[in-house]
Every structure is written in structure tokens, then in C-alpha cells.
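Below, chain A is the first sequence line, B the second, and so on; all start at residue 1.
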Protein chains: 2
Amino acid sequence: MSDRGTASGEGESLLFLTDEQLRKGIEAMFFAYRGFTADPDRILENYAYGRAHHRAIHFIHRAPGTTVNNLLGILGVTKQSLNRVLRTLIEDGLVESRIGKKDKRERHLFLTEAGAALERELSEAQRTRMRAAYRAAGPGAVAGFRQVLEAMMDPEMRRQFGTIKENGS
Amino acid sequence: MSDRGTASGEGESLLFLTDEQLRKGIEAMFFAYRGFTADPDRILENYAYGRAHHRAIHFIHRAPGTTVNNLLGILGVTKQSLNRVLRTLIEDGLVESRIGKKDKRERHLFLTEAGAALERELSEAQRTRMRAAYRAAGPGAVAGFRQVLEAMMDPEMRRQFGTIKENGS
DNA sequence: TTGGAAAGTCAACAAGACTGACATAAAATC
DNA sequence: GATTTTATGTCAGTCTTGTTGACTTTCCAA
């Protein structure tokens, strides 16, 4: 009932971006993000964890030895909020918190073997969906996907993206 | 520190999609979605509403006269959850709920003038960001963006996408 | 006509975000 | 050496938004 005349053809003339085309992009983000989080959400239910735990695990895996403060910057939540999540992950033996050698105020965070196992389970589910989407969309689409997403980020986040400190204790 | 050798070049050979490339896609979704919701979130603060209100307003605008049940299917929440949001929007005079003519159990939802005004404010902010991202990424990227997002949705949602009932009372 | 299903509402609860206040330890600065 | 700043953690309370359970009204079909 829409996009008539230019079937999926936003590409032709960017100067003629209609509100309708933009609205479709907006809704696509909404529905796609739901799909994107659906698989991990299902897995997390079995462990009584939520998305907050997933995010912490993801970024600790990605930047082993990161500090609490570092993680706060990436995740964009308050320390109280992150602390609740980290506490349960540490209690449950998925995350290890080591006091910094140079600066003893800092805590460096690492996944334990159990934490790494959950990380693999979660990320494998997500990668599988991402891989399927990439395949379905085709080679050309993937580069465009990443370019638009990157342009949609807030500038600070765009900086974070691909530049996360690893800081080994 | 990554993607070395194929600067933003996932396009070449999809058979060689590395975990690293997929991980970047996953994080791009995470950071981009944050940017995507940031502007509306700021606006909503002024009205003491949240994202749930935004979503309801968006889809009522998009499909005027839709029923509560319809909206439930689109939003993927429980009717009790949606009801709380709708109640405040109706109390505040942003949404009007009309009893169905054919089926008196149904409520058909419409934006009032005030509701439409907030919708415009919210969607204009979101369109502005989307437009900027599209421009920055370039014409070719936009089509790819939409293709990957669509492929990432759950199949039911892909059906909903672009096919929402308008059902006038 | 009556019993079940469907649409919507109310109440109570939980997760996970938030703010604010405060504590401790260590580092940095004066 | 004393003071201030930084990094982290904790307690208490609030808000949004999700949940389940129980209930009313309405419709429809046996």
C-alpha cells in the first residue's frame, strides 16, 4: 500500500526521500531490533537473566580486563544499574573481578569459563540470525547496512564503536 | 584494530563472513538503535511519557481506527501492558477510543489533534536523524540497509511490516 | 438460551532503569 | 602530610514497562 512507483527504490534520488520512505526505515529498525534480540532473550530466560546481563557479558568478552567505569561509558547506564547486574554475574561465577595492579581502585572484569560458555551460546544465536540476514540480503546490501547504522549512531558512540579499551589488568 | 585487509569490505565474499565481521554488525545494531531512540526519548521526557507511549502513538497514527487487539499484535506486548499506556494517553486527551459499531467489544483508536501534534514532533525528530543517516551513507547504502533489516525480522513481523490494518470503526 | 470465547479493564507484582546519599580506598594535588 | 578527586560499591526509593491473575461485557454458536 506504499512505496508505489519506486519499489524498494530509495536509492535512485536521495533528494526525493519521502516521509513514507523514512517511516518505513523507522519501522524496519523497530521490527528488526525485536528480531535481533529475540533469540538471546529466549536463551536468557533459562538462566533468569535479562538483556542487561547479556550486554555486560558481551562487552566483557569483547574487551577482557575492562574496568567498571569503561563499561559504564559503553553501556550508557548508571553505575548502580550496572552494579546490580555485575554483582549477580560475579556471584554466579560467570564474571571475575580482579583488583587493578597499577591502580588498586579499579576492578578489571573477565569472563570465567562458565561466562565464556554463556557468551558463546548467546552470540552464536545472534550471529546465526545475522548471518542469515546477510545471506538473504546479498553481498551489496551488507556494506550499506553497516554504513547507515554507523551514520545513525550518536557521534560518541561512533567513536566507541571499534575502539574499546582492552586494558589487561 | 579489526577488519584489517578488507576495510568495510564485507561485500566481496559472503562465504568468508568472519565472526569478527558479524560481531561488528551486532554491535552496530546495538549502538545504532540507541541513537535511533535517543531523540524521541528526550522529547518524551518533557511529557512524562516513555517509549511505550511513543510506540502506541506511532502505530495509531499509522493505522487510524485500529483496535486494541490489532495493536497488541504489532507491538508484541500483553494487553494489560498496552492498556496502561492507552489509559494515560486517553486521559491526557491524546488518543480517542471509540466503541466499535459492528462489534461493541472492540475499541477503535484515533489520535486527537493534540495526539497528532505530539506524533509529528516525535516522528519529525526521528525522520531528521534517519534522513541524515541516509544522506551520509549514500544512495546505494539505503537499499542494503532496508534489505538486511527486513531479513533480520521474525517472519510474522515481516508480514506485519507494510501490512497494518486500518479498520475504520 | 446458555456456555464459552474474545475484547478490554483493574490490581498486584517484578525487572531494570533512574536519582540521591553515603562509604571506602587509593591516587593525585596542594 | 593534609585535602581533594577518582573509582567503586551500597542502600533506599522511584518510575516505566513488562508480567500474571481475576473480572466484566459482549458476541456467537451449539
Side-chain angles (χ1 to χ4, degrees), chain A residues 30 33-34 37-38 40-42 44-57 60 65-91 95-109 165 167 169, chain B residues 30 33-34 37-38 40-60 65-92 95-109 165 167 169:
Chain A
F30 172 67
Y33 196 76
R34 265 246 293 279
T37 54
D41 284 354
R42 265 189 294 275
L44 289 159
E45 270 177 25
N46 305 327
Y47 298 84
Y49 292 143
R51 268 183 216 176
H53 301 84
H54 182 188
R55 290 195 284 263
I57 287 173
I60 293 171
T66 190
T67 64
V68 173
N69 231 10
N70 239 264
L71 216 45
L72 286 178
I74 296 166
L75 297 176
V77 296
T78 59
K79 64 175 177 175
Q80 294 91 329
S81 204
L82 176 58
N83 187 256
R84 176 160 21 87
V85 168
L86 284 180
R87 203 186 329 171
T88 70
L89 289 175
I90 291 168
E91 279 169 7
V95 167
E96 193 191 344
S97 164
R98 299 187 202 146
I99 293 177
K101 277 173 185 154
K102 281 183 298 192
D103 189 332
K104 288 177 191 164
R105 291 172 305 179
E106 294 181 336
R107 302 296 135 90
H108 298 281
L109 303 169
K165 257 191 284 181
N167 206 345
S169 77
Chain B
F30 172 67
Y33 196 77
R34 267 244 293 277
T37 55
D41 284 354
R42 265 189 294 274
I43 293 169
L44 290 160
E45 270 177 24
N46 305 327
Y47 298 84
Y49 291 143
R51 269 183 216 176
H53 301 85
H54 182 188
R55 290 196 283 264
I57 288 173
H58 175 98
F59 285 107
I60 293 171
T66 190
T67 63
V68 174
N69 225 15
N70 240 265
L71 217 44
L72 287 179
I74 296 165
L75 297 176
V77 296
T78 59
K79 61 182 176 174
Q80 294 90 331
S81 194
L82 175 58
N83 185 255
R84 176 159 16 84
V85 168
L86 285 179
R87 203 188 328 170
T88 70
L89 289 175
I90 290 168
E91 278 168 8
D92 296 352
V95 167
E96 193 189 346
S97 163
R98 300 187 200 147
I99 294 177
K101 278 174 183 152
K102 282 181 298 192
D103 188 334
K104 288 176 191 162
R105 292 172 304 179
E106 292 181 338
R107 301 297 132 91
H108 297 280
L109 303 168
K165 260 192 279 182
N167 206 346
S169 79

Which of the following nucleotides, [options], is nearest to the side chain of [X]?
{"X": "A:Lys104", "options": "C:dT19, C:dA17, C:dA26", "answer": "C:dA26"}
{"X": "A:Arg107", "options": "D:dG18, D:dG9, C:dG8", "answer": "D:dG9"}
{"X": "B:Ser81", "options": "C:dA27, C:dA17, D:dT17", "answer": "D:dT17"}
{"X": "A:Gln80", "options": "D:dT8, C:dT19, C:dC10", "answer": "C:dT19"}
{"X": "B:Glu106", "options": "D:dT19, C:dG8, D:dT17", "answer": "C:dG8"}

What pairs of residues pass the salt bridge (Lys or Arg N to Asp or Glu O under 4.0 Å) test when at least one of them lies in residues 71-85 of chain A, not counting sequence neighbours?
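Counting only pairs at least two positions apart or across chains, no salt bridge (Lys or Arg N to Asp or Glu O under 4.0 Å) contact touches residues 71-85 of chain A.
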Using the salt bridge (Lys or Arg N to Asp or Glu O under 4.0 Å) rule, collect all pairs that involve residues 47-57 of chain B, keeping only residues at least two apart or in two chains.
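Salt bridge (Lys or Arg N to Asp or Glu O under 4.0 Å) check on residues 47-57 of chain B returns B:Asp41-B:Arg51.
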For the side chain of A:Arg105 and the base of D:dT6, is some donor closer than 3.5 Å to an acceptor across the two?
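Checked by distance alone, the answer is yes.
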Mapping A:Gly76 and A:Asp103 to their closest nucleotides on DNA chain C, which lands nearer the 5' end?
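Whichever sits nearer the 5' end wins; that is A:Gly76.
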5'-most by nearest nucleotide on DNA chain D - B:Thr78 or A:Leu86:
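So the residue in question is A:Leu86.
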Please work out which of the three classes, parallel, tilted or perpendicular, describes the rings of B:Tyr33 and A:Tyr33, given edges at 30° and 60°.
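A:Tyr33 and B:Tyr33: parallel rings.
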Parallel, tilted or perpendicular: rings of B:Tyr47 and B:Tyr49 (30°, 60°)
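Rings of B:Tyr49 and B:Tyr47: parallel, as their planes differ by under 30°.
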Axis deviation across the helix from C:dT1-D:dA30 to C:dC30-D:dG1, five-pair ends, to the nearest 10°:
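That helix has its two terminal axes inclined by roughly 10°.
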